[in-house]
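Take a look at the structure set out below.
Just so it is clear, the model here is predicted, and its values are computed rather than measured. If you read the sequence from its start, that first residue is 1, and numbering goes on from there.
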Amino acid sequence: KIILPLIMLSLGALPLYAPAQDSSALWGKKYAEVKSSLLAAGWVLAPVAEDETPMTEDYPEITCGNGAMAICSVGFKRDNSTLALVVESIEQELIVTGEY
């Protein structure tokens, strides 16, 4: 169960599933690839509140908080599961850096 995802990860491929219990395989990946993989696996974007500030025009689903400790995040839902990912701009690329 663990070996195949590790092989796929080492080859640079994202698994077509992303269990909410362990999103660490997504960390360090480009957001566009993660989003595409999650949508293909049946996840949908969580709605964004009107008062939230989008990180970029290209990805309005990624919103950022305010203040020194603010993070930018995006939410996904599938069935009864939710997945909230932290996204950072690193060298002009949007990268998934964690989950909260």
Side-chain angles (χ1 to χ4, degrees):
K1 290 181 179 180
I2 294 174
I3 294 174
L4 182 58
L6 289 177
I7 292 170
M8 292 174 67
L9 187 60
S10 69
L11 295 174
L14 289 175
L16 289 180
Y17 65 94
Q21 302 90 324
D22 183 16
S23 66
S24 62
L26 305 176
W27 301 0
K29 299 289 184 186
K30 292 180 182 179
Y31 172 70
E33 294 173 6
V34 170
K35 177 182 176 181
S36 178
S37 178
L38 289 173
L39 294 177
W43 292 84
V44 296
L45 289 166
V48 175
E50 288 181 27
D51 62 339
E52 292 182 299
T53 305
M55 184 178 195
T56 70
E57 287 183 22
D58 293 336
Y59 298 103
E61 69 271 16
I62 303 172
T63 59
C64 302
N66 296 315
M69 300 299 287
I71 61 169
C72 296
S73 63
V74 60
F76 292 89
K77 297 188 317 182
R78 183 176 70 178
D79 303 323
N80 292 327
S81 298
T82 59
L83 181 62
L85 300 174
V86 177
V87 179
E88 293 182 39
S89 180
I90 300 173
E91 296 181 6
Q92 299 182 345
E93 287 281 353
L94 296 180
I95 304 295
V96 174
T97 59
E99 177 184 8
Y100 75 95

| said: Nearest 0.5 angstrom please: Leu94 CG to Lys29 NZ, how far? | reply: 16.0 Å

| Residues which pass ring-ring contact (aromatic ring centres under 6.0 Å, His included) with Tyr31, listed by chain and number, not counting sequence neighbours | Tyr59

| task | Take Val87 and Val34, measure what side chain to side chain contact (heavy atoms under 4.5 Å, CB included) needs, and give me the verdict at the end. | result | CA-CA 11 Å; Val87 179; Val34 170; over 6 Å; no

| message | Working to the nearest 0.5 angstrom, can you tell me the gap between Ile71 CD1 and Leu85 CG? | response | 10.0 Å

| task | Compare every heavy atom of Leu83 with every heavy atom of Ser23, then report the nearest pair and how far apart it is. | result | CB-CD1, 3.8 Å

| said: Tell me which pairs pass ring pair (Phe, Tyr, Trp, His ring centres under 6.0 Å) where either residue lies in residues 64-100, with sequence neighbours left out. | reply: none

| field | Leu26-Val86 co-clustered via ILVMFWY side chain contacts under 4.5 Å | value | no

| query | When rounded to the nearest 0.5 angstrom, what distance separates CD in Glu99 from OG in Ser73? | reply | 11.5 Å

| request: Could you give me the CA-CA distance, side-chain angles and deciding distance for Lys77 and Thr82, then say whether side chain to side chain contact (heavy atoms under 4.5 Å, CB included) is met? | output: CA-CA 4 Å; Lys77 297 188 317 182; Thr82 59; 4.0 Å; yes

| said: Measuring only between side-chain heavy atoms, which start at C-beta, is Trp43 closer than 4.5 Å to Ser81? | reply: yes

| note | By side-chain contact (heavy atoms from CB on, under 4.5 Å), Ala70 pairs with (sequence neighbours left out) none

| remark: Heavy atoms of Ser89 and Met55 approach each other most closely as N-CE, 3.6 Å

| query | So do Thr56 and Ile62 actually touch side chain to side chain, heavy atoms under 4.5 Å? | reply | no

| said: Could you check whether any side-chain heavy atom of Arg78 comes within less than 4.5 Å of a side-chain heavy atom of Val44, counting everything from C-beta outward? | reply: no

| query | Are Leu38 and Trp27 joined in one hydrophobic group, where the rule is that I, L, V, M, F, W and Y side chains link up if heavy atoms are under 4.5 Å apart? | reply | yes

| request: Of all the heavy-atom pairs spanning Leu45 and Glu61, show the shortest one and how long it is. | output: CD2-CG, 3.7 Å

| remark: dist Glu52:CD -> Cys72:SG (nearest 0.5 Å) comes out at 11.0 Å

